[in-house]
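Okay, handing you the structure first.
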Amino acid sequence: KTRAEMDNADFQHDVASIRVLATAYISSGQWEALENFTEELLQKGIDIERFNTLLSALYGVGRVAETKKLWKHMADAELVPTGRTFTLLLHEFGRHQQWEEFESVLQQLKESNTRLTNGNVTAMLSVFMQNGMEDRFLATYEEMLGAGMLPDIRVCNILVMVFSSQGEKVDVQQLVKVWGHMRKLRDVGLRNRKHLHDALASCQRLRECFHHHGHPELVTEVDRWEMQNCVA
């Protein structure tokens, strides 16, 4: 190989470069080029981190068929998915109501040795919330707690949204329970502005609900926690 060819091969294997190339193909609608690029990477040998980069580039662009192709490639290459792989697939298949694929990924997650993450739970809760699957929403929440996990601010925000959106039938005890999780979190916006947004939104909803249902002491607690931990 020439030096240029070797540099190009290294370039295409680099995570940041894979992201750049995949995003360029996607933004310009070059789906055949993306498929060829994916097959080339698989032939050369690609690890799951680089594969996740391809999945992430496709996330949210509305091309679930392309995600299905990547999912098949992953299985054919016998790549072992990580927590992030499961999160991306659950989000994508769930938002497009591809239930057969969603349930298959979920089953694979449960049968794997991968530790359940807040990202996985966020994906599942978001899908169940958006599709009115209340029983599965609550079951996933309880499963998370049963596994000894502390919900992060993303999960807490989804829980607060659901439990505070029931009008006069708001389940205050559930909100108090979620508040118990939130108050254990520290410096939630320090590294991620989306987390800061979720924290501020949750605080506002909790304040309104606690005030409406006669819990001024909890309103004070929320105010204090927000001042101490919602930092950009």
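Residues take their numbers from the sequence shown, with the count starting at 1.
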Problem - Flag if over 12 foreign heavy atoms under 6.0 Å of CD, Gln30 - result: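 Yes, enclosed.
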
Problem - Residue Arg115 excluded, over 12 heavy atoms near CZ under 6.0 Å - result: no

Exercise for the section: Look at the side-chain heavy atoms of Ile, Leu, Val, Met, Phe, Trp and Tyr, link any pair under 4.5 Å apart, and say whether Trp179 and Leu150 land in one connected group. Expected result: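 The answer is yes; both residues are in one hydrophobic cluster.
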
Problem - Leu106 and Lys110, any side-chain heavy atoms less than 4.5 Å apart - result: yes

Exercise for the section: Would you check if there is a donor-acceptor pair between the side chains of Thr82 and Thr85 at a distance under 3.5 Å? Expected result: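 Their side chains do contain a donor-acceptor pair, which is all the 3.5 Å distance test asks for.
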
Exercise for the section: State plainly whether the residues Glu49 and Arg84 are in salt-bridge range, i.e. N to O under 4.0 Å. Expected result: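 Between Arg84 and Glu49 there is no salt bridge, as every charged N stays at least 4.0 Å from the carboxylate O atoms.
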
Problem - Arg154 side chain to Pro151 backbone, donor-acceptor under 3.5 Å - result: no

Handout entry: Under 3.5 Å: donor-acceptor pair, side chain of Asn120, backbone of Leu116
Key =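 Such a contact is absent between Asn120 side chain and Leu116 backbone.
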
Practice task
Compare all side-chain heavy atoms of Leu185 with those of Asn229 and state whether any distance is below 4.5 angstrom.
Solution key: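 No - every pair of side-chain heavy atoms lies 4.5 Å or more apart.
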
Handout entry: Gln107 and Glu103 side chains, donor-acceptor separation under 3.5 Å
Key = no

Handout entry: Joint cluster assignment, Ile18 & Trp31, ILVMFWY side-chain distance < 4.5 Å
Key = yes

Problem - Side chains of His96 and Glu101 in contact at under 4.5 Å (non-hydrogen atoms) - result: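 With C-beta onward as the side chain, the pair stays apart.
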
Handout entry: Close side-chain approach of Leu42 and Thr38, heavy atoms under 4.5 Å
Key = yes

Exercise for the section: Tell me, yes or no, whether the heavy-atom count around Glu100 atom CD, taken from other residues, nucleotides or ligands under 6.0 Å, exceeds 12. Expected result: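 No.
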
Handout entry: No-hydrogen, no-angle side-chain donor-acceptor test under 3.5 Å, Asp223 and Thr220
Key =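 The answer is no; no qualifying pair exists.
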
Problem - Pair Glu208-Gln204, side-chain donor/acceptor within less than 3.5 Å - result: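 Per modelled atom types, Glu208 and Gln204 side chains form a pair under 3.5 Å.
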
Handout entry: Single-linkage hydrophobic cluster Val80~Leu89, side-chain heavy atoms < 4.5 angstrom
Key =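 Val80 does not cluster with Leu89.
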
Handout entry: Residue pair Phe128 / Met124, side-chain heavy-atom distance below 4.5 Å
Key = yes

Practice task
Measure from the side-chain N and O atoms of Thr23 to the backbone N and O of Val20, and report whether any donor-acceptor pair falls under 3.5 Å.
Solution key: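 Not at all, since once roles are kept as given, no pair shorter than 3.5 Å links the two residues.
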
Problem - Greater than 12 external heavy atoms within 6.0 Å of His73's NE2 - result: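 Yes, NE2 of His73 has more than 12 neighbouring heavy atoms, counting only those of other groups under 6.0 Å.
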
Problem - Close side-chain approach of Lys184 to Trp225, heavy-atom, < 4.5 Å - result: no

Practice task
Calculate, to the nearest 0.5 Å, the distance between atoms CG and CG belonging to Leu34 and Leu58 respectively.
Solution key: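 The CG atom of Leu34 sits 6.0 Å away from the CG atom of Leu58.
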
Exercise for the section: Give the cluster check for Leu125 versus Trp99: same hydrophobic cluster or not, with ILVMFWY residues linked at side-chain heavy-atom distances below 4.5 Å. Expected result: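 Same hydrophobic cluster.
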
Problem - Polar contact flag, side-chain donor to acceptor under 3.5 angstrom, Arg136-Tyr141 - result: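 No pair is found: no donor N or O on one side chain lies under 3.5 Å from an acceptor on the other.
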
Problem - Check: Ser56 side chain, Asn52 main-chain N or O, donor-acceptor pair, under 3.5 Å - result: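 Not a single qualifying donor-acceptor pair exists.
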
Practice task
Look up atom CD in Gln174 and atom CG in Leu159, then write down how far apart they are to the nearest 0.5 Å.
Solution key: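 It comes to 8.0 Å.
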
Handout entry: Transitive ILVMFWY side-chain link Tyr59 to Ile158, under 4.5 Å
Key = yes

Handout entry: Distance-only side-chain donor-acceptor flag, Ser165 / Arg205, under 3.5 Å
Key =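 No donor-acceptor contact under 3.5 Å links the two side chains.
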
Exercise for the section: Answer yes or no: is there a side-chain heavy-atom contact under 4.5 Å between Ser202 and Met182? Expected result: yes

Handout entry: Distance in Å, Leu218 CG paired with Phe210 CZ, rounded so as to fall on 0.5 Å steps
Key = 5.0 Å

Practice task
Compute whether any side-chain donor of one residue and acceptor of the other, for Glu221 and His215, lie under 3.5 angstrom apart.
Solution key: no

Problem - Residue Glu32 excluded, over 12 heavy atoms near CD under 6.0 Å - result: no

Problem - Worked verdict on Lys68 versus Phe93 for side-chain contact (heavy atoms from CB on, under 4.5 Å) - result: CA-CA 9 Å; Lys68 288 181 181 180; Phe93 290 146; 3.7 Å; yes

Handout entry: Side chains of Ser112 and Leu109 in contact at under 4.5 Å (non-hydrogen atoms)
Key = yes

Practice task
Give a yes or no on this: more than 12 heavy atoms of other residues, nucleotides or ligands lie within 6.0 Å of atom CG of Asp135.
Solution key: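 Counting other residues, nucleotides and ligands, CG of Asp135 stays at 12 neighbours or fewer.
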
Problem - Nearest-0.5 Å distance, CZ of residue Arg95 to CG of residue Leu90 - result: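 One gets 12.0 Å once the value is rounded to the nearest 0.5 Å.
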
Exercise for the section: Could you walk me through whether His91 and Ser126 pass side-chain contact (heavy atoms from CB on, under 4.5 Å), step by step? Expected result: CA-CA 8 Å; His91 263 304; Ser126 296; 4.1 Å; yes

Fill in the blank from the handout: Paired with Lys177, the side-chain contact (heavy atoms from CB on, under 4.5 Å) test is passed by just one of Val172, Leu145, Asp171, namely Leu145

Handout entry: Candidates Leu175, Val178, Leu206 - the one meeting side-chain contact (heavy atoms from CB on, under 4.5 Å) with Ser164
Key =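 Checked Leu175, Val178, Leu206 against Ser164; only one passes side-chain contact (heavy atoms from CB on, under 4.5 Å): Leu175.
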
Practice task
Check for a donor-acceptor pair, side chain of Asp198 on one end and backbone N or O of Asn157 on the other, with a separation under 3.5 Å.
Solution key: no

